[in-house]
Amino acid sequence: MIRGAACFRKLFQSSAVSSKFAARCYTAQAAVQPAIYSSDEESADIDWDNLGFNLMQTDYMYMTKCSDDGVFRKGQLNRYGNINLSPSAGVLNYGQGLFEGTKAYRRDDGRVFLFRPEQNAIRMQIGAERMCMPSPTTDQFVDAVKQTALANKRWIPPSGKGSLYIRPLLIGTGPILGLAPAPEYTFLVYACPVGNYFKQGTAPLNLYVEEDVHRASRGGAGGVKSITNYAPVLKAMKNAKANGYSDVLYVDAVNKKYIEEVSSCNIFLVKGNVLSTPIAKGTILEGITRKSIMDIAHDLGYTVEERLIEADELISADEVFCTGTAVGVAPVGSITYKGQRIEYKISSDLSCKQFYSRLVGIQRGVIKDERDWIVEIE
């Protein structure tokens with residue numbers, strides 16, 4: 001069983017794979033008979049023009065386990081379905097679990113690719129260290145994501161119609177009674193075709209600043225993608241949506257005046273030629289899309305800054321938008337703060353639309369990928 005110092009020693013050893021993070025060539029080595037699926041199957045019978053962000057059962061999922069040695073064995077593809085889980089599993093009793101989100105896209109020529117999946121692998125490793133869990137290596141993670149995408153290829157929407165959302169999970173499945181790391185862990189990956197995350201589609205978001213309920217606090221796990229970060233915001237989200245808002249923008253738990261992030265995405269402010277986003281100091285999840293938009297903005301000549309941003313600055317911002325793997329890049333039409341509704345101009349020349357256009361251009365191969373962000377699935 002992984003406990004105490006042994007746990008952290010193992011996890012620090014697993015983080016030593018950072019020297020391989022720059023690798024761009026990943027080969028899917030399916031641990032399954034080739035006949036189990038065919039990449040030439042007809043497209044799934046779906047109305048691609050009306051995809052939302054709803055669970056849709058696909059064909060296959062990937063799964064592997066590790067025990068007290070902290071090493072994940074070679075995984076395999078199985079038919080999508082329920083998994084066996086002990087009532088005393090660590091994830092059920094103590095919330096020992098992480099998840100990631102990435103996407104597979106189809107280009108006009110039919111080729112399929114992923115966007116920066118190794119960044120998701122690194123983020124899972126950082127989260128696993130925080131949650132005292134072993135984690136798959138970068139190669140294992142990317143290979144599992146590629147296998148899952150290939151096995152569910154017929155569910156990948158046509159170019160411009162959506163994407164295949166891929167959800168890797170790392171959970172403590174071993175049984176445990178006392179508060180301690182689980183004796184066994186499962187790494188699982190499933191997928192689902194998706195369109196727009198918000199029900200209003202591409203319409204501007206209307207956010208509500210929540211000052212009493214907090215998403216994260218200093219010293220907690222807000223900076224990693226722990227499953228424990230999400231259920232606590234459901235009540236605030238439910239109340240906001242019942243009052244006509246799209247989502248909730250949270251402020252810091254100490255001073256209650258610095259904005260942090262929205263329930264499931266990061267936030268940016270534009271003022272002139274300056275792009276600002278809240279600095280990540282352990283309470284904000286460092287999104288992959290967030291990082292990408294910051295790089296793109298810099299390339300386009302914007303001054304990019306990560307800093308403490310007071311909620312009062314929302315009043316004078318020229319533009320506000322959100323980013324995330326599920327969300328993409330979503331403009332904000334209004335924010336309600338302390339009873340005041342702040343409205344933002346929405347037009348075709350918004351900075352966020354420039355950023356998003358460039359991001360999508362890179363993903364679709366229209367704009368040259370100069371940073372090796374794209375990983376083709378072969």
Side-chain angles (χ1 to χ4, degrees), residues 22-30 32 34-53 56 58-62 77 101-121 139 141-168 189-197 201-202 288-289 291-293 295-296 299-300 323-329 353-378:
R24 299 303 307 166
C25 298
Y26 302 98
T27 303
Q29 300 173 348
V32 67
I36 194 169
Y37 71 87
S38 171
S39 60
D40 296 326
E41 289 184 46
E42 293 183 4
S43 175
D45 185 16
I46 296 174
D47 181 2
W48 299 116
D49 292 318
N50 292 292
L51 273 180
F53 200 89
M56 187 181 300
T58 51
D59 296 325
Y60 297 97
M61 62 184 186
Y62 174 97
L77 292 168
T102 188
K103 288 179 176 178
Y105 303 85
R106 191 188 298 274
R107 286 184 176 171
D108 292 337
D109 60 6
R111 290 186 299 163
V112 176
F113 63 94
L114 304 169
F115 183 72
R116 308 188 73 178
E118 79 288 346
Q119 290 296 313
N120 295 95
D139 285 343
F141 182 101
V142 176
D143 181 65
V145 168
K146 293 180 76 170
Q147 286 192 49
T148 305
L150 281 173
N152 295 292
K153 188 175 180 180
R154 73 190 187 98
W155 297 90
I156 303 177
S159 178
K161 300 290 186 179
S163 58
L164 185 72
Y165 182 81
I166 302 173
R167 172 63 62 84
V189 186
Y190 68 93
C192 174
V194 297
N196 291 314
Y197 180 78
T202 58
I288 312 303
T289 308
K291 292 181 181 180
S292 304
I293 291 300
D295 286 338
I296 287 172
D299 292 344
L300 293 176
T323 66
T325 298
V327 172
V329 177
K353 293 192 175 182
Q354 296 179 47
F355 304 151
Y356 186 55
S357 176
R358 192 172 184 87
L359 176 66
V360 172
I362 294 171
Q363 292 172 339
R364 293 183 179 175
V366 177
I367 296 175
K368 185 178 180 180
D369 175 23
E370 297 180 344
R371 289 188 171 88
D372 290 333
W373 283 350
I374 304 303
V375 175
E376 185 173 358
I377 303 176
E378 301 175 340

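Numbers here are sequence positions counted from 1. Keep in mind it's a predicted model, so treat the numbers as computed, not measured.
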Q: Any chance you could measure I296, atom CD1, to R358, atom CZ, to the nearest 0.5 Å?
A: 7.0 Å
Q: Side-chain contact, heavy-atom cut-off 4.5 Å: L164 with Y105?
A: no
Q: In Å and rounded to the nearest 0.5 Å, what is the CD1 to CZ distance from I288 to F115?
A: 9.0 Å
Q: I'd like to check P157 versus L51 (side-chain heavy atoms, cut-off strictly below 4.5 Å). Are they in contact?
A: yes
Q: I'd like to know if the side chain of R106 and the backbone of K153 have a donor-acceptor N/O pair within less than 3.5 Å.
A: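 Here the side-chain-to-backbone pair exists.
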Q: Which residues pass the salt bridge (charged side-chain N to carboxylate O under 4.0 Å, His left out) test with K161, sequence neighbours left out?
A: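 For K161 the salt bridge (charged side-chain N to carboxylate O under 4.0 Å, His left out) partners, ignoring immediate neighbours, are D49.
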Q: Does R107 qualify as a cation-pi partner of F113, given the criterion of NZ or CZ under 6.0 Å from the six-membered ring centre and within 45 degrees of its axis?
A: yes
Q: Would you give the length of the straight line joining atom CD1 of I367 to atom OG of S357, rounded to the nearest 0.5 angstrom?
A: 6.0 Å
Q: Report yes or no: does K103 contribute a side-chain atom to a donor-acceptor pair with the main-chain N or O of L114 at less than 3.5 Å?
A: no
Q: Answer whether the closest heavy-atom distance between the side chains of D139 and E118 falls below 4.5 Å.
A: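 Of all side-chain heavy-atom pairs linking E118 with D139, none is under 4.5 Å.
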Q: Could you pull out all residues at least two apart from R111 that satisfy salt bridge (charged side-chain N to carboxylate O under 4.0 Å, His left out)?
A: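 With sequence neighbours excluded, R111 shows a salt bridge (charged side-chain N to carboxylate O under 4.0 Å, His left out) to D109, E376, given in chain and number order.
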Q: Determine yes or no for a side-chain-to-main-chain donor-acceptor pair under 3.5 angstrom, with T148 supplying the side chain and A144 the backbone.
A: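 Pair found, side chain donor or acceptor close to backbone of A144.
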Q: Should L359 and F355 count as side-chain neighbours, where that means a heavy-atom distance under 4.5 Å?
A: no
Q: What are the two closest non-hydrogen atoms of D108 and S159, and how far apart are they?
A: OD1-OG, 2.8 Å
Q: Contact between L77 and M61 at the side-chain level, heavy atoms closer than 4.5 Å - yes or no?
A: no
Q: Measure from the side-chain N and O atoms of N152 to the backbone N and O of D59, and report whether any donor-acceptor pair falls under 3.5 Å.
A: yes
Q: Do T58 and Y190 have side chains that get closer than 4.5 Å, going by heavy atoms?
A: no
Q: Is it true that atom OH of Y356 has more than 12 heavy atoms of other residues, nucleotides or ligands lying nearer than 6.0 Å?
A: no
Q: Quick one: does I156's side chain get under 4.5 Å of S163's, heavy atoms only?
A: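 Of all side-chain heavy-atom pairs linking S163 with I156, none is under 4.5 Å.
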Q: Assess the residue pair D372 and R116 against the criterion (salt bridge (charged side-chain N to carboxylate O under 4.0 Å, His left out)); give the C-alpha distance rounded to whole Å, side-chain angles, the decisive distance to 0.1 Å, and a yes or no.
A: CA-CA 8 Å; D372 290 333; R116 308 188 73 178; over 6 Å; no
Q: Does any part of the side chain of W155, heavy atoms only, come nearer than 4.5 Å to the side chain of C192, both counted from C-beta?
A: no
Q: Minimum heavy-atom separation for P193 to I46, with atom names?
A: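 That would be CG-CD1, 4.0 Å.
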Q: With a 3.5 Å distance limit and no angle check, can you tell me whether N120 reaches the backbone of G101 through a side-chain donor-acceptor pair?
A: yes
Q: Any side-chain to backbone donor/acceptor pair from D369 onto I362? Under 3.5 Å, distance only.
A: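 Between the backbone of I362 and the side chain of D369 there is no qualifying donor-acceptor contact (under 3.5 Å).
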Q: Taking all non-hydrogen atoms of both residues into account, name the closest pair between W48 and S43 and its distance.
A: CZ2-OG, 3.2 Å
Q: I'd like to know whether CG of D299 has more than 12 heavy-atom contacts from other residues, nucleotides or ligands below 6.0 angstrom.
A: yes
Q: side-chain hydrogen bond (donor to acceptor under 3.5 Å, both in side chains) with R167: which residues, sequence neighbours excluded?
A: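 R167 satisfies side-chain hydrogen bond (donor to acceptor under 3.5 Å, both in side chains) with Y165 only.
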Q: Can you tell me how far the CD atom of Q119 sits from the CZ atom of F141, to the nearest 0.5 Å?
A: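 Rounded to the nearest 0.5 Å, the CD-CZ separation comes to 10.5 Å.
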Q: Where is the tightest heavy-atom contact between T325 and T102, given as atom of each residue plus distance?
A: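 So the minimum-distance heavy-atom pair works out to CG2-CA, 3.8 Å.
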